[in-house]
Amino acid sequence: MEKTYNPKEIETRIYASWEDSGYFSPSKSGAPFCIVIPPPNVTGTLHMGHAFQDTIMDIIIRYERMKGKNTLWQVGTDHAGIATQMVVERQLEKNGTSRQQLGRETFEQEVWKWKEESGSTITKQMKRLGASTDWTKEKFTMDENLVRGVTKVFIQLYEEGLIYRGKRLVNWDPVLQTALSDLEVATSEEKGSLWHMRYPLDGQEDYIVVATTRPETMLGDTAVAVHPDDKRYKHLVGKHIILPLTKRKIPIIADEYVDQAFGTGCVKITPAHDFNDFEIGKKHGLEVISVLDQAAKISQSAPSEYGGLDRFEARRKIVKDLEELGLMHEIEDYLLTIPRGDRSGAILEPLITNQWFLKMEPLAKPAIEVVKNGELKFVPENWSKTYFEWLENIQDWCISRQLWWGHRIPAWYDNEGNVFVGENEPEIRKKHNLDGSIVLTQDQDVLDTWFSSALWPFSSLGWPDDTYDLKTFYPTNVLVTGFDIIFFWVARMVMMGLKFMDEIPFNEIYIHGLIKDKNGQKMSKSKGNILDPIDLIDGISLDDLLEKRVQGLMQPEMEQRIINDTKKEFPNGIPDFGTDALRFNFAIQASTGRDIRLDLNRVEGYRNFCNKIWNASRFIKMNTNDFELLNIKDSQGHAIDQWIQSRYAKTIDEVEKQFGQYRFDLAATAMYEFVWNDFCDWYIELAKTHINDPGIADSKKDYTKNNLINMLDAILRMLHPTIPFITEEIWQSLNEENAKRSIMKSVFPSSDDWKTDDESAENTEWLKNFISSVRQIRSEMNIPPKQSISIIVEDASSLDCERLESLGSFIRNLGSVEAIMHKESSDVLPKSAIALLGEMKVFIPLEGLVDIEEEKGRLEKKLSKLNKELESVQNRLSNDAFIEKAPSDVVDDLKAKLKGLISDQSRIEEQIKLL
RNA sequence: AGGCGCGUAGCUCAGCUGGUUAGAGUGCUUGCUUGACAUGCAAGAGGUCGGCGGUUCGAGUCCGCCCGUGCCUACCA
């Protein structure tokens, strides 16, 4: 072992050896256990959220693998239609071309090229994180079998009447020029205006006032609506107004949808450009006039002076024109909800277009049922509520996208517009008996990316082929994901799994929190607060970090702020913490909360933890002749050995319990505390004394030496799922046999492996308390650590005496005590500091060491603390209701405690008097 | 508007079905070049658990209201 812990060197070397070993592949023995990865965007990079999620999945997989399961962590990436197309288009733009100039086929080739170039980034990052995914089975959502799967699913759903095509109002992104599903709409509150416009009544000199946030849509108004009970307007229902600028005569209708209290109580109805208006239009048989084209420019169906104007230019012109006509009643500042595309950020436009839809209700019902009946569980359970809420109010899913990158919709049209759905053109011709004279053209659209992602749990395992993986691993065991994609992905996978596999895709859904920055802000490129997990692993200079954060900013005006914030938060850049430290940090932060704030100070703390493990191992190596296990006759060992074993057994039970309920934070805490506090701070220190005690026979010491090695081995195996690299490195160096194997294929420890001797364990607890008391006095009395002291004990029980006899050397060593004396009744006690240990008094003579007054002060402080507690205990015990109603063991415990407190109190008081 | 979550030490967070003196990491103070580790060791200070009320023998924990804060869903022009 190297003298210093150097994570980087260890980690890259070890990952390569794992990959070569083939250990990530299923062992094909034992019960199957499988996780499919939420496929990241193929051209993306790994962010902190991925790193966190991957760490959790890897902990689970490594744990189950060590438990002897036949494990598969199925890995792969998503083609991410919109995101990827956008990136490539931006690149083309830089090179002075566009997808339109290239044409569809060339463009697709360009995307594939880009995918090949950048697709490995995320893979490389995952490897740095130690992900034990089976890379030989890596899938991509546009792989051959997945394409076949998507087609098969589409055809079947179409044939069952669940997929249909229709001219509907959809969320339209005028920048990307594609339809989006409801889920891809991100609404934000933004400042705007509410324009109150006068609409002249037909044949009268009067007008009514309507309010709108979007005056440009007035060109497409086909009615004005009022509430049927509204007395102000009752007489106008059935009459008409003359729509300004277009001179169109449109009716005044009555509909309960109208809120009388809002604005004037009159609503303009534009069925082609508003979802509500569309419904009202349908109900009242209104004309649908679309006045915007796909780029959100005014279309030819509007008066020619507006034709071709961008929607916002049109707005300004219309407002101006109405003002000139004296028809603008009032303009009010207004806060409104703006729908934006979650990818492009463009303001969306409700637009009438031909799209493909999937009927959701029949699919949603069984998906609700499996969670209701407990077949499928959310962890934490509460998330099922969110899941139900969405599924119970589900809308049909617009699955077509006007993109070039994705799964092409398997539908063809003839010249008359007849639709044929099938695997390919020849098949369709055969099936429908269409001869060569009939021209068929394929639908130009592709499917929503989530359509193929919904099949992932089975398509990634080989479906529609009947593969070993599919047979063995479906349904998978657990899905690990964030709450932000419960609708997008989780619910849809459940629906598709039930529909096409007749089984749920996974038994449990573990929903974890989202990684936020130090200030609780979501990490995003635009905020400039993103961190690359690799930069926490390898470290990064401030300059490099700044460069990364301001590169390719969408809003360059943010640059200065980002630079300032970054300089403030990371004045010296980020140090290299290593993968294991980052993983341990993720594990210990993985509690049930929704936000996980990254705190580099904590990561540093866990880097120190790794360093601690490293050095403890070095110590053991040095003290055991290179981890050499000795032949021993002693089967029990010393009390300290029994104690650490029993602590270990408790810890491993705790770890298993917490892993079982996805509380990686509690498991990690238990491991941390055991390793550092129990093993390093106490056991190793005690073992030093034991091993170096010349009065003890080597045969006795050998047990402890072996125990150090065996405990280390068990600790490494316990820690391995969480911090795989350092544990592998040390474990392989334990002996020659290990060097040829891997800790990842070793057995996860069990408490059954350790006999625990409570009596020995208690002796050691007593010893710890004794040493702590001495140290406490030394420290509080400012007795230099090197200065040896003598101690005198009084009122020692026979057990105390026995323990002092057998464990005295530890006290002398760890407390810098030169002599321990028993006070005889005739002895005169020198002025001393006192500690109480049960019935026993421990005196430290202070002559020549410290001021007596100081000890007095110390005791008085102790006494006042004691008195406070005593008071509270007495109060409770003097309460009859408590005695009567509280469980007897609680009462008994408290009574015993009272006794102890009273004894301590009187003894301290006595001592104060003595001083 | 509805739903969900959060508010515990300076900071980042635990605290399970209510029961000793509310814990950890980090930071802070004091003392230590201890033969594994100063990425360390030992000791210590620091909290009226957001507020008010209720249930209970007993509340950080359960209930209600309020304040602050975050997220999700929804058709107010």
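Per chain, numbering begins at 1; letters A, B, ... match sequence-line order. Predicted model only: the values in this text are computed from it and were never measured.
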Watson-Crick or G-U stems of RNA chain B, 3 or more pairs, under 3.5 Å, by first number
B:1-7 with B:67-73, B:10-13 with B:23-26, B:28-32 with B:40-44, B:50-54 with B:62-66
Does B:U12 have its OP1 or OP2 closer than 4.0 Å to a side-chain nitrogen or oxygen of A:Gln589?
no
If you compare every side-chain N and O of A:Ser872 against the phosphate oxygens of B:U21 (OP1, OP2), does one of them come in below 4.0 Å?
yes
Whole-Å distance between B:G70 P and A:Asp517 CG?
14 Å
Assess A:Lys612 against A:Phe679: is NZ or CZ under 6.0 Å from the centre of the six-membered ring, and within 45 degrees of the ring's axis?
no
Base of B:A36, side chain of A:Glu685 - is there a donor-acceptor contact under 3.5 Å?
yes
Classify the side chain of A:Arg602 versus the base of B:U12 as yes if they form a donor-acceptor pair under 3.5 Å and no if they do not.
yes
Rounded to the nearest Å, what distance is computed from the CD1 atom of residue A:Ile684 to the C1' atom of nucleotide B:C37?
10 Å
Figure out the CZ/P separation between A:Phe882 and B:G18, and round it to whole Å.
16 Å
So what does A:Tyr5 touch, heavy atoms closer than 4.0 Å: a base, only the sugar-phosphate, or nothing?
nothing
Please set out all donor-acceptor pairs under 3.5 angstrom arising from side-chain atoms of residues 576-587 of chain A, sequence neighbours excluded.
unit_1   : atom_1 : unit_2   : atom_2 : d
A:Thr579 : OG1    : A:Glu11  : OE1    : 2.9
A:Thr579 : OG1    : A:Arg128 : O      : 2.9
A:Asp580 : OD1    : A:Phe725 : N      : 3.2
A:Asp580 : OD2    : A:Phe725 : N      : 3.4
A:Asp580 : OD2    : A:Ile726 : N      : 2.7
A:Arg583 : NE     : A:Thr722 : O      : 2.9
A:Arg583 : NH1    : A:Asp58  : OD2    : 2.7
A:Arg583 : NH1    : A:Leu129 : O      : 2.8
A:Arg583 : NH2    : A:Asp58  : OD2    : 2.9
A:Arg583 : NH2    : A:Pro721 : O      : 2.9

Under 4.5 Å between any side-chain heavy atoms of A:Thr386 and A:Ile511, yes or no?
no
